[in-house]
Protein chains: 2
Amino acid sequence: MNAPTNRDTLLRCAATLLRQKGYDGVGLAEILSASGLPKGSLYYHFPGGKRELATAATLCTGAAIQRLIDRAFADADSFATGAAALARAIAALIPPGGPVQACPVASILQASGQEPALRDAARQVMNDWAACLAAHATRLGHAAPQDAADLLLMQMEGAWLLALAEQSPRPLERLAALKT
Amino acid sequence: MNAPTNRDTLLRCAATLLRQKGYDGVGLAEILSASGLPKGSLYYHFPGGKRELATAATLCTGAAIQRLIDRAFADADSFATGAAALARAIAALIPPGGPVQACPVASILQASGQEPALRDAARQVMNDWAACLAAHATRLGHAAPQDAADLLLMQMEGAWLLALAEQSPRPLERLAALKT
DNA sequence: AGACATCTGGACCGATCGGTCCAGCCCCGC
DNA sequence: GCGGGGCTGGACCGATCGGTCCAGATGTCT
């Protein structure tokens with residue numbers, strides 16, 4: 001059955017709350033009450049405390065989004081159509097009634113100035129995404145794969161930020177439309 | 001001499017610290033000690049407390065950046081060259097040795113889920129920028145000014161975010177180069 | 001000089017923060 | 001039956017959070 005362990009629950013709740021309120025915006029108490037677990041569990045599974053939990057959650061979500069990238073580009077016949085599919089996929093992540101959640105990297109970036117561990121995690125996820133996009137660009141025969149990948153990453157992050165600002169998937173859908 | 005009032009000092013310090021640590025990341029004590037003023041002054045000039053100070057500081061910085069946009073596009077002969085100039089101008093804001101500061105809007109966006117006042121401020125600044133960019137696109141005879149403005153805003157915000165992640169102006173310079 | 005409005009200085013408050021610590025439950029192999 | 005990790009439950013801690021309040025310094029009128 002592969003029942004989710006308490007550690008997984010902690011990661012999941014932390015990831016969600018982090019993306020909603022940012023690193024400094026969530027308290028441990030909030031994460032704990034959302035997961036229904038006591039403090040002891042947290043510090044057993046993540047001895048490094050909030051820092052460790054947040055970095056682990058970010059890396060986890062980052063990997064999930066990379067899978068989303070791969071899936072979007074899997075049956076694309078060009079980089080542009082893959083990019084449009086990706087934008088639509090990210091837009092589709094937004095729960096219909098619920099709040100728009102930030103990009104996991106963006107959500108810890110503000111606090112990364114004080115927390116080297118967070119900055120490393122943010123950097124690594126970004127680099128992974130960029131490399132992944134560049135690989136797809138190369139595979140699809142793009143003339144300047146590195147440029148295309150970096151530019152798309154900028155556009156995607158920007159659109160995600162705008163979506164957060166206006167609490168609507170529209171900017172992401174807009175980007176998808178502009179890519180066609 | 002137009003000496004800066006204490007209110008101005010408060011706004012300036014708050015703007016800087018907000019962009020470095022985010023809304024939830026700065027404490028009033030920190031802003032106060034940076035400005036060398038007591039709590040009484042803050043709550044006299046900004047009875048709404050942290051919320052009011054942060055929204056005022058964001059609107060202020062937002063307006064300053066809009067002036068930067070106007071300046072960058074002032075002597076541009078096309079939307080693309082204006083865009084490149086703007087990216088370079090934002091990159092130039094980054095203090096050589098110091099930390100990369102976030103976009104003022106991005107820095108309050110995470111907390112805007114809990115603070116309607118912040119979300120309104122973020123939205124307004126974004127809308128102003130978009131309108132401003134669209135006006136320049138129209139003026140310079142772009143075929144689809146709205147699309148161009150929105151896309152550029154996405155790219156600029158994304159590049160700014162990447163710059164924050166790798167603590168270097170390179171993504172912004174990269175965007176400027178790709179625009180040429 | 002005296003009265004009034006403006007602004008500052010800082011003590012103080014309850015709530016919440018992240019983090020520590022340990023008693024004890026539970027389930028395992030013996 | 002029993003011993004011993006793996007894990008949980010939660011009391012507790014000092015620090016810091018945003019916010020309140022007011023005495024009094026300062027400037028500006030009449």
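Numbers restart at 1 for each chain; the letters A, B, ... are given by sequence-line order, proteins then strands.
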In one Ile/Leu/Val/Met/Phe/Trp/Tyr side-chain cluster, 4.5 Å: [X], [Y]:
{"X": "B:L93", "Y": "B:L18", "value": "no"}
{"X": "B:L17", "Y": "A:Y23", "value": "no"}
{"X": "A:I65", "Y": "A:L118", "value": "no"}

Distance, rounded to the nearest Å, where [X] contributes [atom1] and [N] contributes [atom2]:
{"X": "A:F46", "N": "C:dT20", "atom1": "CZ", "atom2": "C1'", "answer": "18 Å"}
{"X": "B:K50", "N": "D:dT16", "atom1": "NZ", "atom2": "C1'", "answer": "12 Å"}
{"X": "A:Y23", "N": "C:dC17", "atom1": "OH", "atom2": "C1'", "answer": "12 Å"}
{"X": "B:D24", "N": "C:dT16", "atom1": "CG", "atom2": "P", "answer": "15 Å"}
{"X": "A:Y43", "N": "C:dG19", "atom1": "OH", "atom2": "P", "answer": "4 Å"}
{"X": "B:Q114", "N": "C:dT16", "atom1": "CD", "atom2": "P", "answer": "14 Å"}

Handout entry: Test applied, side chain to side chain contact (heavy atoms under 4.5 Å, CB included); reference residue, B:V100; option that passes from B:I94, B:L162, B:L172
Key =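 Filter result, single survivor: B:I94.
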Is there a donor-acceptor contact under 3.5 Å from the side chain of B:R139 to the main chain of B:F73?
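Answer holds: yes.
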Any donor-acceptor pair under 3.5 Å linking the side chain of A:W160 with the backbone of A:Q101?
->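 Yes: the side chain of A:W160 pairs with the backbone of A:Q101.
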task: Specify the residues of residues 25-32 of chain A, ordered by number, for which at least one heavy atom lies under 4.0 angstrom from an atom of DNA chain C.
output: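 Close to the strand are A:V26, A:G27, A:L28, A:A29.
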| said: Regarding A:N6 and A:T9, do their side chains bring together a donor and an acceptor under 3.5 Å, going by distance alone? | reply: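 There is no such pair (donor and acceptor under 3.5 Å, judged by atom type) between the side chains of A:N6 and A:T9.
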Anything under 30° is parallel, anything over 60° is perpendicular, the rest tilted; go ahead and classify B:F79 against B:H142.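 Because their plane-to-plane angle is over 60°, the rings of B:F79 and B:H142 count as perpendicular.
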Between the protein and nucleotides 4-9 of chain D, which nitrogen or oxygen pairs are less than 3.5 angstrom apart?
unit_1	atom_1	unit_2	atom_2	d
D:dC7	OP2	A:Y44	OH	2.6
D:dT8	OP1	A:N6	ND2	2.0
D:dT8	OP2	A:S41	OG	3.3
D:dT8	OP2	A:H45	NE2	3.0
D:dT8	O5'	A:S41	OG	3.4

